[in-house]
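One structure is given below, encoded as structure tokens.
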Amino acid sequence: MTINDERYPANFISAIIESDQASGKHDGRVKTRFPPEPNGYLHIGHAKAICLNFGLAKDFGGQTNLRFDDTNPIKEDIAFTTAMKEDITWLGFNWADERNASDYFEALFDYAVQLIRDGKAYVDSLSGDEIREYRGTLTEPGRNSPYRDRSIDENLDLFSRMRAGEFADGAHVLRLKIDMASGNMNLRDPSIYRIRHVSHHQTGDAWCVYPLYDYTHCISDALEHITHSLCDTGFEDHRPLYNWVLEQLDMPSRPQQIEFSRLNLQYTVTSKRKLKQLVEEGLVSGWDDPRMPTIAGMRRRGYPPASLRDFCRRIGITKSENNVELALLESCVREALEPAAPRAMAVLDPVKLVITNLPETASLSLQVANHPKDPAMGDRQVPFTREVYIDRADFRLEANRKYKRLVLHEEVRLRGSYVIRAESVVTDDTGNVVEIHATYDPETLGTNPPDRKVRGVIHWVSATENLPAEFRRFQPLFKVPFPDAEDGDYRDLINPDSEVVFFGYVERSLADQDLSTRYQFEREGYFVQDADQGRDGVLRFNEIVGLRDSFSKTGQI
RNA sequence: UGGGGUGUCGCCAAGUUGGUAAGGCACAAGGUUUUGAUCCUUGCAUGCGGGGGUUCGAGUCCCUCCACCCCAGCCA
């Protein structure tokens with residue numbers, strides 16, 4: 001599947017765009033923007049917004065700008081912009097223009113002066129606390145600030161002196177003059193400029209007054225000729241303000257804000273504050289920890305970018321609350337991997353099995369298909385030796401017929417190899433099986449014995465011709481489906497077993513592998529080499545996602 | 001009667017101008033299988049938050065209740 005085959009299923013936003021194109025609005029043009037604030041890493045929720053903005057524009061022959069919403073220098077860092085661009089590119093999207101809201105600081109200032117001249121904005125000298133008091137509450141109207149009726153000249157003078165740096169942080173603020181009695185809190189004379197004597201990662205020390213989001217965003221959209229400005233439903237009651245500002249000014253275009261609901265994914269958190277805390281407190285190894293819902297984390301985990309795009313399309317776009325199950329994401333990942341991942345064998349929890357009727361010097365080279373349904377993926381040679389490793393879970397001293405693995409005195413097939421029979425076991429002082437002795441049936445390579453039915457098939461790796469490796473298997477970072485809804489500290493809900501390390505072996509054929517190849521270790525799951533390789537010569541694999549398992553979940557194990 | 005939203009199968013989600021409930025995930029049951037994987041087949045809402053009403057006919061129109069979410073940053 002190429003990205004061009006991917007189209008968004010019908011949703012209410014695509015319907016709006018269709019009707020806009022049909023009516024000739026915006027001359028049929030479609031332009032969106034993805035506007036992250038560079039104050040953290042992009043996560044799965046952003047992926048939804050990225051796929052929507054870039055995907056919809058692409059679907060309708062339009063373009064998408066990348067715009068860093070950098071109006072708050074206190075919280076932002078240029079390092080995040082670099083990571084964000086890498087994430088978006090990796091996801092498979094290309095932006096038309098890269099912009100910063102800070103590119104518009106001069107224009108924004110001029111528009112503010114214009115609003116003052118028109119009597120639509122004023123400098124307020126109330127303190128932050130006072131402004132809050134005057135604002136009223138959700139059910140009571142606010143009161144006008146005593147500074148609301150300053151003369152235009154005084155406002156002009158004050159505002160220019162604010163810019164000139166004559167005042168301390170918080171001394172004044174520029175406010176829009178709308179309606180302190182509005183039921184919509186956003187319309188109660190919102191602040192649009194604050195004084196902050198801090199340098200900005202893009203503009204340095206050029207400014208000490210910085211515009212706020214509501215004022216900046218709509219103008220930035222208009223300046224970039226954005227046609228459809230998509231954001232989450234949290235901004236729904238900001239829309240009247242968005243429109244108000246654009247209506248007061250003489251703008252080159254008139255964008256439309258449309259809100260859709262943000263993604264809620266079970267067993268994870270996506271609040272920037274919490275993700276940042278997980279990283280800073282060392283609860284995870286970093287922004288790209290494979291258990292993190294960040295794009296960087298999912299990339300390191302091995303999720304193919306196409307699977308994320310597929311996921312974002314399948315969850316749909318609406319305005320309603322949603323709680324998407326992890327199973328859907330995992331299904332998308334498996335679907336992308338199943339046809340593409342070459343198969344190999346790895347034993348994560350090894351126990352030695354000695355094939356007693358095979359000479360010690362024997363090393364048969366078996367030809368094994370790299371994919372059961374795709375001959376084009378070729379074959380590989382797998383050494384079959386007297387001693388091999390199998391997984392502990394694949395052997396039992398006794399079991400009922402439902403157990404389709406190796407049982408003492410019974411037969412099982414070694415995947416891609418022969419049928420073997422477990423003859424005896426060696427145990428240690430505590431009774432643990434430390435070695436299994438078996439015999440193989442030389443007549444069973446590539447064919448089943450005609451006279452009897454073999455229990456099942458298990459995977460294995462030569463004990464003498466292999467590659468030792470470390471494996472990390474993952475479970476959701478949180479123990480509960482809705483960590484945000486739980487009382488108490490969400491950090492107490494972290495699953496202590498979310499990462500489990502195994503030391504085992506993979507077949508020798510992976511020695512010269514491409515670091516980016518995503519494998520399916522048969523009967524175990526999909527794995528990819530970790531980005532952190534070679535610091536000590538250890539081969540390290542991350543589990544991308546397990547195989548669907550209809551056996552263990554039935555509780556029959 | 002502060003303002004703004006949302007309620008269709010366990011989860012997500014389609015449902016043009018009212019015409020007799022898509023699809024995906026999950027789940028269940030079969031079949032194929034040298035991965036308990038994949039793949040294939042079948043099943044899975046007389047019901048669309050509740051109650052009224054209009055209509056030959058309503059998830060779609062009207063009325064009325066109910067539930068849940070968002071908003072009181074000089075954050076975005």
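Just so we're on the same page: letters track the sequence lines, and every chain starts at 1.
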Need one value for [X]: base, sugar-phosphate or nothing, where a base atom within 4.0 Å counts as base even if backbone is also close, heavy atoms only.
{"X": "L126(A)", "result": "base"}
{"X": "P339(A)", "result": "nothing"}
{"X": "L445(A)", "result": "base"}
{"X": "S182(A)", "result": "nothing"}
{"X": "K319(A)", "result": "sugar-phosphate"}
{"X": "L212(A)", "result": "sugar-phosphate"}
{"X": "G446(A)", "result": "base"}
{"X": "R175(A)", "result": "nothing"}

Whether the [X] and [Y] side chains hold a donor-acceptor pair (N or O, under 3.5 Å, no angle test) is what I'd like checked.
{"X": "Y122(A)", "Y": "D189(A)", "answer": "yes"}
{"X": "R175(A)", "Y": "S145(A)", "answer": "no"}
{"X": "Q257(A)", "Y": "Y242(A)", "answer": "no"}

In whole Å, what is the span from the CZ atom of F68(A) to the C1' atom of rA76(B)? 15 Å
D179(A) CG to rG3(B) P: how many Å, rounded? 13 Å
Would you please classify the geometry between the [Y] ring and the [X] ring as parallel, tilted or perpendicular, with 30° and 60° separating the classes?
{"X": "W460(A)", "Y": "F384(A)", "value": "perpendicular"}
{"X": "Y389(A)", "Y": "Y505(A)", "value": "parallel"}
{"X": "H238(A)", "Y": "F235(A)", "value": "perpendicular"}
{"X": "F34(A)", "Y": "H46(A)", "value": "perpendicular"}

For the atom pair NZ (K120(A)) and CG (L176(A)), what is the distance rounded to the nearest 0.5 Å? 10.0 Å
Quick one: pull up CG in D214(A) and OG in S191(A) and give me the separation to the nearest 0.5 Å. 10.5 Å
Examine distances only and state if a side-chain atom of S307(A) and a backbone atom of Y303(A) form a donor-acceptor pair shorter than 3.5 Å. no
Answer yes or no: is there a donor N or O on one side and an acceptor on the other, between the side chain of R194(A) and the main chain of P211(A), under 3.5 Å? yes
Does a side-chain N or O from [X] land closer than 4.0 Å to OP1 or OP2 of [N], or not?
{"X": "R405(A)", "N": "rG36(B)", "answer": "no"}
{"X": "R135(A)", "N": "rC74(B)", "answer": "yes"}
{"X": "R334(A)", "N": "rU35(B)", "answer": "no"}

Would you tabulate the nitrogen or oxygen pairs shorter than 3.5 Å linking the protein to nucleotides 8-10 of chain B?
| from | atom 1 | to | atom 2 | distance (Å) |
| --- | --- | --- | --- | --- |
| rG10(B) | N2 | E325(A) | OE1 | 3.0 |

rC62(B) and rG24(B): how far apart are their C1' atoms, nearest whole angstrom? 35 Å
When you check the glycosidic angle of rG31(B), does it come out syn, meaning within 90° of 0, or anti? anti
Let's test your reading of the model: under 3.5 Å, does the base of rU35(B) pair with the side chain of Q520(A) as donor and acceptor? yes
Kindly indicate whether the side chain of K373(A) and the base of rU38(B) share any N or O donor-acceptor pair separated by less than 3.5 Å? yes
Which residues in residues 36-47 of chain A have at least one heavy atom lying under 4.0 Å from any atom of RNA chain B? E37(A)
Protein and nucleotides 65-71 of chain B: nitrogen or oxygen contacts under 3.5 angstrom:
| from | atom 1 | to | atom 2 | distance (Å) |
| --- | --- | --- | --- | --- |
| rC69(B) | O2' | E321(A) | OE2 | 3.2 |

Polar-atom pairs under 3.5 Å, protein N or O versus N or O of nucleotides 14-17 of chain B: list them with distances, or write none.
| from | atom 1 | to | atom 2 | distance (Å) |
| --- | --- | --- | --- | --- |
| rA14(B) | OP1 | I317(A) | O | 3.3 |

Pairs in or reaching into residues 310-339 of chain A: which pass ring pair (Phe, Tyr, Trp, His ring centres under 6.0 Å), with residues at least two apart or in two chains? none
Check whether the aromatic ring of F551(A) stacks on the base of rG36(B), taking stacking as ring centres less than 5.5 Å apart and planes within 30° of each other. yes
Using the criterion of both pairing distances under 3.5 Å for Watson-Crick and G-U wobble pairs, give all stems of 3 or more consecutive pairs involving RNA chain B. B:2-7 with B:66-71, B:10-12 with B:23-25, B:27-31 with B:39-43, B:49-53 with B:61-65
Using the side-chain hydrogen bond (donor to acceptor under 3.5 Å, both in side chains) rule, pick out the option among D549(A), D394(A), D391(A) that qualifies with R523(A). D394(A)
